[in-house]
Amino acid sequence: MVPTLLAHTDYSSHPTGHMALLKKINQILLLLLVLTVCAILYNKVHQVPSALKNETVDLESPEEMEEEIPVVICAAAGRMGAAVAAISSIYSNTEANVLFYIVGLKTTIPHIRKWIENSKLKEIKFKVVEFNPMVLKGKIRQDASRPELLQPLNFVRFYLPLLIQKHEKVIYLDDDIIVQGDIQELYDTKLAPGHAAAFSDDCDLPSTHEMVRSVGMQNTYMGFLDYRKQAIRDLGISPSTCSFNPGVIVANMTEWKHQRITKQLEKWMQRNVEENLYSSTLGGGVATSPMLIVFHGKYSTINPMWHVRHLGWSPDTRYSEHFLQEAKLLHWNGRYKPWDYPSVHTDLWESWFIPDPSGKFKLTRPDS
């Protein structure tokens, strides 16, 4: 029997038997391959729901997929608490994916970073950006009627594309504001084709007209440009044209760069140094005036309730509480700031203020 068995397993001497065995082996291997592929596909289909439930799949989170909203705010020495309150109010009133660009000078950056990282704001997404004031050399007159507006950070809004690289649309906010609405609404402001920015007209909200008249606010070009100068008259802009306030801006970076807005603003700054076209006006404009020239007739408008302003123009004149509750954004533009005394509606601002962990910044109050 043994020789017979050996004879049946002698593949080299029986080619037909050899081929038959190979065919069987190939069939077995093919079957195993099919089973393996099926097993892999089964696992892929059935493991995803389980993994999602346990949050173990390395998928892009909803926050990462959501559009990022860049918000630019300056943190200036002596008023850093303003930026903190503004950021606090924005962060607390939205579920949007906000990225704060906090702009400061080299000397102030460590302070604002420490303030954020050692307070409840440590959860926010932010980048600290240093602004080099040398970019303003030769572009600012020192005899403005409101010298407090000559601070370098007041001109950050002119240089948005240099500070913000990767975003198509950007929100710029002055620091003396608080936001009571969802910043997503402001970001969704529609800009008309060819417009690089959206602002609030100074004649846009009837509820503010009485405030403007009572405190002598300027709300036309006459208040910001010196119409005695030929260069201003040559612009062909009526002095009664309604002005706008650049303390809240929604900007299109592509259009801004295409129209060379920054270069245009710098040109008018340099002409003002040479000819004093606006520094001595009633509005005391140093940042507003060149923007009024460059953007005349070429800007979109922001919902008026997203820029309720003039809260800082009088220590006595107040808005109605109901009107303020309806407002989406409050702006203490003017001399009377809510962290100082005297000022109005300080309770609305102070509810968003976060004390300085270092103790350097303190609120000025009548009993302090």
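Note: hydrogens, waters and symmetry copies are ignored here, and every other heavy atom, side chains too, is used.
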>> Are Trp332 and Tyr336 an aromatic pair, judged by ring center distance below 6.0 Å?
In response: no

> Is it the case that Tyr278 and Asn276 place a side-chain donor and acceptor less than 3.5 Å from each other?
Replying inline: no

>> Between Lys328 and Glu185, does the salt bridge (Lys or Arg N to Asp or Glu O under 4.0 Å) criterion hold? Intermediate values first, please.
In response: CA-CA 9 Å; Lys328 304 287 189 178; Glu185 293 179 30; 3.8 Å; yes

>> Please tell me whether His331 and Asp176 have a donor and an acceptor in their side chains that are separated by less than 3.5 angstrom.
In response: yes

> Is the shortest side-chain N to carboxylate O distance from Glu350 to Arg365 below 4.0 Å?
Replying inline: yes

> Would you call Trp349 and Ser89 a side-chain contact if the rule is heavy atoms closer than 4.5 Å?
Replying inline: no

>> Testing the basics here: between Ala196 and Phe295, what is the closest heavy-atom pair and its distance to 0.1 Å?
In response: CB-CE2, 4.1 Å

> Just checking, any donor-acceptor pair under 3.5 angstrom between side chains of Thr254 and Glu168?
Replying inline: yes

>> For a quick check under 3.5 Å, do Glu68 and Tyr187 share a side-chain donor-acceptor pair by atom type?
In response: no

> Just by distance, do the side chain of Lys360 and the backbone of Pro357 share a donor-acceptor pair under 3.5 Å?
Replying inline: no

> Applying the side-chain hydrogen bond (donor to acceptor under 3.5 Å, both in side chains) test to Asn97, which of Gln184, Lys125, Glu67 qualifies?
Replying inline: Lys125

> Any chance the rings of Phe126 and Phe100 have centres within less than 6.0 Å?
Replying inline: no

> Between Arg309 and Asp202, is a salt bridge (Lys or Arg N to Asp or Glu O under 4.0 Å) present by the stated rule, with each step listed?
Replying inline: CA-CA 9 Å; Arg309 49 205 179 277; Asp202 283 330; 3.2 Å; yes

> For the ring pair Tyr101 and His167, is the centre-to-centre distance below 6.0 Å?
Replying inline: yes

>> I want to know whether Tyr221 and Phe224 have ring centres closer than 6.0 Å.
In response: no

> Taking atom types as modelled and ignoring hydrogens, do the side chains of Trp256 and Thr262 form a donor-acceptor contact shorter than 3.5 angstrom?
Replying inline: yes

> If you take all heavy atoms of Gly78 and Phe361, which pair is closest and at what distance?
Replying inline: O-CE1, 3.7 Å

> If you take all heavy atoms of Leu311 and Val344, which pair is closest and at what distance?
Replying inline: O-CG2, 3.2 Å

>> Less than 3.5 Å apart, any donor N or O on the side chain of Asp182 or Thr94 sitting next to an acceptor on the other?
In response: yes

